[in-house]
Amino acid sequence: MASNMDREMILADFQACTGIENIDEAITLLEQNNWDLVAAINGVIPQENGILQSDYGGETIPGPAFDPASHPAPATTPSSSSAFRPVMPSRQIVERQPRMLYFRVEYRDRNVDVVLEDSCTVGEIKQILENELQIPVSKMLLKGWKTGDVEDSTVLKSLHLPKNNSLYVLTPDLPPPSSSSHAGALQESLNQNFMLIITHREVQREYNLNFSGSSTIQEVKRNVYDLTSIPVRHQLWEGWPPSATDDSMCLAESGISYPCHRLTVGRRSSPAQTREQSEEQSTDVHMVSDSDGDDFEDATEFGVDDGEVFGMASSALRKSPMMPENAENEGDALLQFTAEFSSRYGDCHPVFFIGSLEAAFQEAFYVKARDRKLLAIYLHHDESVLTNVFCSQMLCAESIVSYLSQNFITWAWDLTKDANRARFLTMCNRHFGSVVAQTIRTQKTDHFPLFLIIMGKRSSNEVLNMIQGNTTVDELMMRLMAAMEIFSAQQQEDIKDEDEREARENVKREQDEAYRLSLEADRAKREAHEREMAEQFRLEQIRKEQEEEREAIRLSLEQALPPEPKEENAEPVSKLRIRTPSGEFLERRFLASNKLQIVFDFVASKGFPWDEFKLLSTFPRRDVTQLDPNKSLLEVKLFPQETLFLEAKE
């Protein structure tokens with residue numbers, strides 16, 4: 001039994017590969033496979049990666065793909081450690097509730113959704129389809145099971161199916177659909193993916209290859225050449241439908257079965273024997289490559305090897321190189337690389353980082369520890385026989401694309417041209433050291449493509465793994481997950497160190513902020529006090545100036561007053577008694593002929609300017625300051641004596 005820690009790691013890896021977010025569902029699928037990670041992944045996503053193949057036989061292995069006896073583990077090194085662990089079967093059978101299984105069944109231009117418990121049988125699915133499609137069960141062939149054809153009495157639970165399944169119905173005894181719906185069906189088939197289960201007759205080995213409906217038969221044959229080293233003109237095929245008469249025909253219109261179709265390929269000993277076999281077995285469904293022209297027949301007479309002929313044909317079919325030879329800007333070169341990669345292998349591929357290698361480092365490594373990722377560098381080479389298969393079957397597999405997008409920054413470069421190769425080796429020597437650069441420099445062409453897994457360190461960048469092109473989807477996934485396991489352990493340490501450093505910096509920042517605020521408060525208090533003192537001084541100066549000015553005015557008025565007449569005077573004299581606001585009285589004698597202005601000047605000389613105070617009489621009450629100052633006291637009736645009082649103006 002796997003330990004709790006192992007199970008947590010297996011569960012995390014399983015969810016990362018399959019995209020299943022529901023933990024209960026993921027645990028149920030893993031328990032069905034005795035916590036064997038590879039077997040559980042194959043059970044959930046067989047369409048993307050194909051069923052895992054045995055290295056020693058032609059049969060497809062429907063159970064766990066990892067066999068410790070037949071696949072001895074390599075020596076444990078930091079760059080090749082695996083995240084997969086062989087798990088012993090559980091001795092205790094756990095009772096569980098029936099699972100709900102979802103089936104999407106395709107029949108011609110229709111799709112039927114069926115939901116059943118895993119305790120039901122295959123026959124019950126057919127009964128539901130009979131009601132939906134109006135097809136008798138006896139004339140219905142239900143295909144698409146990953147274990148091959150099954151009986152109607154087979155219980156679904158015994159097939160170990162994933163939660164979501166795709167099946168299709170064949171009705172060979174019923175007439176084909178009308179031609180009016182043929183165009184729509186063809187267009188739909190062009191967008192579908194076909195799995196070709198190809199058996200190599202001589203070595204009895206199977207290959208499960210995914211192709212889009214728009215791929216041509218010629219493209220299939222080229223990929224098979226990469227896998228089997230049988231040149232296209234020497235390939236002898238069995239299993240193609242009679243309608244597949246032209247290598248330029250796309251798979252959607254060739255008449256092959258969807259979603260899976262079985263084919264067999266072998267090597268022809270000579271063109272004459274192949275033609276003889278075709279004539280004797282004209283009723284069999286055989287198809288020989290139509291590229292048997294005289295130019296290919298006589299190629300060996302001129303000393304041209306099979307691989308050279310295929311290489312020339314492959315090069316002639318390429319529209320443009322993956323990357324310009326002397327691109328000034330790495331971002332522009334990668335834009336062309338991405339566009340050309342999409343045109344060759346489809347839109348389902350890793351998202352290549354557009355920019356320089358230094359910018360990719362910045363994006364992957366020089367961010368917060370929680371946001372860091374591994375850097376995957378894909379090195380392409382058009383002259384390698386492994387390139388087509390690696391790109392189309394492995395690098396573009398949905399599980400690989402999904403895992404890379406979640407955990408990696410992927411950067412690419414094309415080493416086909418010598419100038420681009422030299423340019424990358426210079427970058428490699430600068431960033432990874434001479435050892436890594438020399439390792440890549442000495443790689444043979446047939447070892448490409450290469451996949452470098454880079455982890456950023458504090459002082460340098462470490463190459464965790466170098467994956468060559470002669471690998472499988474499962475081995476590629478295992479090595480990516482092994483690198484991710486090493487990276488995760490390092491990332492946790494970095495996160496811990498970063499959190500502690502940020503905590504220290506936060507404390508220091510808070511102390512600095514508090515000190516800064518204290519200084520600002522002291523400075524503000526000091527500046528406010530200084531402003532207050534300056535304002536007081538300014539007001540005091542103004543007050544003094546005003547007092548001095550008023551005193552000067554008072555003295556000038558006092559000096560300008562005519563002398564006070566005596567009581568006994570030849571001219572009439574008016575005696576005025578003036579009460580101030582403080583209650584004091586001012587008394588003075590004036591000539592009756594004196595102007596009223598002289599009275600105002602007298603009052604102002606005593607500190608009561610007439611523009612601030614008004615002079616009032618009692619009986620009758622009147623404001624004397626409103627009278628004409630040029631009139632005499634006699635004219636304004638302030639004679640012979642009068643009592644007045646001062647009042648401040650509002």
Side-chain angles (χ1 to χ4, degrees), residues 33 36 38-39 41-67 69-71 143-150 159-162 166-168 193-212 215 217 219-232 234-241 244 251 254 256-268 284-289 385-386 388-400 469-478:
N33 293 276
D36 189 322
V38 180
I41 292 175
N42 281 336
V44 174
I45 50 176
Q47 290 82 4
E48 288 91 328
N49 299 340
I51 303 171
L52 290 182
Q53 308 150 18
S54 168
D55 289 342
Y56 304 103
E59 291 186 0
T60 301
I61 303 175
F66 184 87
D67 184 2
S70 61
H71 295 72
K143 299 288 187 179
W145 305 101
K146 67 174 183 177
T147 56
D149 293 340
V150 296
L159 300 177
H160 303 292
L161 299 172
S166 296
L167 303 175
Y168 61 97
N193 286 330
F194 292 82
M195 176 178 284
L196 300 184
I197 305 174
I198 302 174
T199 302
H200 186 183
R201 188 185 302 112
E202 282 77 10
V203 299
Q204 285 301 302
R205 182 171 179 178
E206 280 190 354
Y207 301 97
N208 300 325
L209 305 180
N210 283 312
F211 291 94
S212 65
S215 299
I217 296 174
E219 292 175 8
V220 175
K221 292 182 177 182
R222 290 198 204 100
N223 279 333
V224 170
Y225 166 69
D226 292 339
L227 293 170
T228 64
S229 299
I230 303 176
V232 175
H234 288 307
Q235 293 172 7
L236 179 62
W237 290 87
E238 295 180 3
W240 289 105
L251 296 181
S254 65
I256 62 174
S257 302
Y258 175 81
C260 298
H261 189 84
R262 287 188 172 272
L263 297 168
T264 303
V265 65
R267 178 185 288 271
R268 288 193 301 159
D284 292 343
V285 184
H286 285 201
M287 192 179 84
V288 182
S289 171
V385 296
L386 299 174
N388 259 351
V389 174
F390 183 85
C391 292
S392 60
Q393 304 301 326
M394 295 168 216
L395 197 56
C396 293
E398 288 189 13
S399 58
I400 299 294
N470 55 344
T471 184
T472 64
V473 172
D474 303 293
E475 184 180 353
L476 177 59
M477 177 62 78
M478 284 199 309

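All residue numbers refer to positions in the sequence shown, counting from 1.
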Query raised in the report: Considering all heavy atoms of both residues, which atom of G469 and which atom of L386 are nearest to each other, and what is their separation?
Result: C-CD1, 3.8 Å
Report summary line: Minimal heavy-atom distance between L476 and M394, with the atoms involved, is CD2-CB, 4.2 Å
**Report entry** Contact summary for S399 and V473, nearest pair of heavy atoms
**Finding:** OG-CG1, 4.5 Å
Requested in this report: Could you walk me through whether T472 and M477 pass side-chain contact (heavy atoms from CB on, under 4.5 Å), step by step?
Outcome: CA-CA 8 Å; T472 64; M477 177 62 78; over 6 Å; no
Query raised in the report: Which distance, rounded to the nearest 0.5 Å, do you find between the CD1 of I230 and the NE2 of H234?
Result: 10.0 Å
Query - Any side-chain heavy-atom pair of I217 and S254 under 4.5 Å - result: yes
**Report entry** Check: N210 and L196 side chains under 4.5 Å, non-hydrogen atoms
**Finding:** no
Query raised in the report: Checking H261 side chain against G239 main chain: does a donor-acceptor pair fall under 3.5 Å?
Result: yes
**Report entry** Any L251 side-chain heavy atom under 4.5 Å of V220 side chain
**Finding:** yes
Query raised in the report: Under 30°, 30 to 60°, or over 60°: which ring-plane class applies to Y258 and Y168, parallel, tilted or perpendicular?
Result: tilted
Report task. Give a yes or no answer on whether the side chain of Q235 reaches the backbone of K221 with a donor-acceptor pair at less than 3.5 Å. Result -> yes
Query raised in the report: Do the non-hydrogen side-chain atoms of M195 and P259 ever get within less than 4.5 Å of each other?
Result: no
Query raised in the report: Is there a side-chain contact between W145 and L167 (heavy atoms, below 4.5 Å)?
Result: yes
Query raised in the report: So how far is it from R267 CZ to T228 OG1, rounded to the nearest 0.5 Å?
Result: 7.5 Å
Report summary line: Which of N223, L227, V224 passes side chain to side chain contact (heavy atoms under 4.5 Å, CB included) with I198? Answer is V224
Report task. Test I197 against every option in N208, L263, T264, L209 by the side chain to side chain contact (heavy atoms under 4.5 Å, CB included) rule and name the one that passes. Result -> N208
Query raised in the report: So N193 and F211, side-chain contact (heavy atoms from CB on, under 4.5 Å) or not? Walk me through it.
Result: CA-CA 6 Å; N193 286 330; F211 291 94; over 6 Å; no
Query raised in the report: Tell me, do E206 and H200 make a side-chain contact under 4.5 Å, heavy atoms counted?
Result: no
Query raised in the report: If only atom types and distance count, is the side chain of Q393 paired as donor or acceptor with the main-chain N or O of F390 below 3.5 Å?
Result: no
Query - V389: which of N470, D226, L395 passes side chain to side chain contact (heavy atoms under 4.5 Å, CB included) - result: D226
